[in-house]
Number of protein chains: 2
Amino acid sequence: MVKITKNKDLEPVTLLCGGPEACTAREFLSKISDKWSILIVVILSKQKDHSARFGELQKMINGISQRMLTTTLRNLERDGLVTREVFPEVPPRVEYQLTNLGLGLIAPMKNLMDWIGMNWNTIKKSREGFDSKRK
Amino acid sequence: MVKITKNKDLEPVTLLCGGPEACTAREFLSKISDKWSILIVVILSKQKDHSARFGELQKMINGISQRMLTTTLRNLERDGLVTREVFPEVPPRVEYQLTNLGLGLIAPMKNLMDWIGMNWNTIKKSREGFDSKRK
DNA sequence: CCGGATCCTGGTCGATACTG
DNA sequence: CAGTATCGACCAGGATCCGG
């Protein structure tokens, strides 16, 4: 439970955690901003039927380890953002598909990414300036 | 450089990293979704003049260590989201203030947090269902 | 083809103590 | 008051091997 207080107000106001807003948001944000989650969601959203199989995803995402792809997909499945369907074939085939929930995430996420895209140069400039001042 | 390929298309399409979209987004997202950054930005946005001093922030954020508050504020300053102003007084006083850039982040971030808020119950339900199936 | 199990490394963050 | 410095615990995530 994180409490915040107004400027000169001694009464602590539980705004951000407990009143379930920013704290859950932070929890979820930290989940999807891990190394691969958004990337997978975005990639799936661009696939036919918003679905792809394990091996395809691994080929599409250059650099992800098998373990991380597995665990990331598990987390997305756990959160209800993707579904996992196993086809009882030989060799086995597993399809991952974005749910409606997962699709709904695309829009607000895109807003944020657009903002980042628009301001990325500003941020980079700021970093350069900051770093150069620091010897 | 992460490359993705269209479904049955062998030509790799460099959509996400290099075409500076999702990769920079991911980099920035991972920065602001660290343990405290968004919280600080949101809190500052609610302050008079969007500014507060070090000690105030520490009191408002229950649980943050002095070290993390310092380093988080440094990162925000480096990215140009907040400014840091030192007043040459005794005892010293340092004011942190949200920049226009930082303020601009509030809107898209709010969209995302609203989405999370609206869908949080669904996500929690999904997690419970998933976890209960797993013994 | 898919992914669980195990080991190991580097980075993140809290605790504590010390300065201007 | 507002930091910096140092230490250590913890854990995300890569490499590798194995199993269905």
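Naming: A, B, ... by sequence-line order, numbering from 1 per chain.
- Under 3.5 Å, the side chains of A:Asn75 and A:Thr72 contain no donor-acceptor pair of N or O atoms.
- The distance from atom CD1 of B:Ile61 to atom P of C:dC13 is 14 Å, rounded to the nearest whole Å.
- Rounded to an integer number of Å, the gap from CD of B:Glu89 to C1' of C:dG20 is 15 Å.
- Residue A:Arg84 places no side-chain N or O under 4.0 Å from the OP1 or OP2 atom of C:dC2.
- One can place CE of A:Met68 at 14 Å from C1' of C:dG4, the figure rounded to the nearest angstrom.
- Using the six-membered ring where Trp is involved, A:Trp115 and B:Phe28 have ring planes that are tilted, between 30° and 60° apart.
- Among all heavy-atom pairs drawn from A:Ala52 and A:Leu44, the shortest one is N-CD2, 3.7 Å.
- Between the side chains of A:Ser37 and A:Asp34, a donor-acceptor pair is found at a separation under 3.5 Å.
- With respect to A:Glu27, the salt bridge (Lys or Arg N to Asp or Glu O under 4.0 Å) criterion is satisfied by exactly one of B:Arg127, B:Lys124, B:Lys35: B:Arg127.
- Among the atoms of the strands shown, base atoms are found under 4.0 Å from some heavy atom of B:Gln66.
- Applying the 6.0 Å contact sphere to CG of B:Asn100 captures no more than 12 heavy atoms from other residues, nucleotides or ligands.
- C:dA15 atom C1' lies 13 Å from atom NZ of B:Lys35, rounded to whole Å.
- The side chain of A:Val94 lies closest to C:dC2, out of C:dG4, C:dC13, C:dC2.
- At a threshold of 4.0 Å, the pair B:Lys31-B:Asp79 does not count as salt-bridged, since none of the basic side-chain nitrogens sits closer than that to a carboxylate oxygen.
- Both A:Pro92 and A:Ser65 lie near DNA chain D, and the one whose nearest nucleotide falls closer to the 5' end is A:Ser65.
- Taking atom CD on B:Gln58 and atom P on C:dG14, their separation rounds to 12 Å, with Å as the unit.
- OP1 or OP2 of C:dT6 has not a single side-chain nitrogen or oxygen of A:Arg67 nearer than 4.0 Å.
- Considering only side-chain N and O atoms, B:Trp36 lies nowhere under 4.0 angstrom from the phosphate OP1 or OP2 of C:dT12.
- For DNA chain D, the span of nucleotides reached by chain B at under 4.0 Å from its heavy atoms goes, 5' to 3', from D:dC1 to D:dT6.
- As a whole-Å value, the separation of B:Leu69 CG from C:dA15 C1' is 16 Å.
- The residue B:Tyr96 sits close only to the backbone: its heavy atoms come under 4.0 Å of sugar-phosphate atoms, none of a base.
- When rounded to the nearest whole Å, the span between NZ of B:Lys31 and P of C:dG11 equals 13 Å.
- In this structure, CD of A:Glu85 is placed 14 Å from P of C:dC2, rounded to the nearest angstrom.
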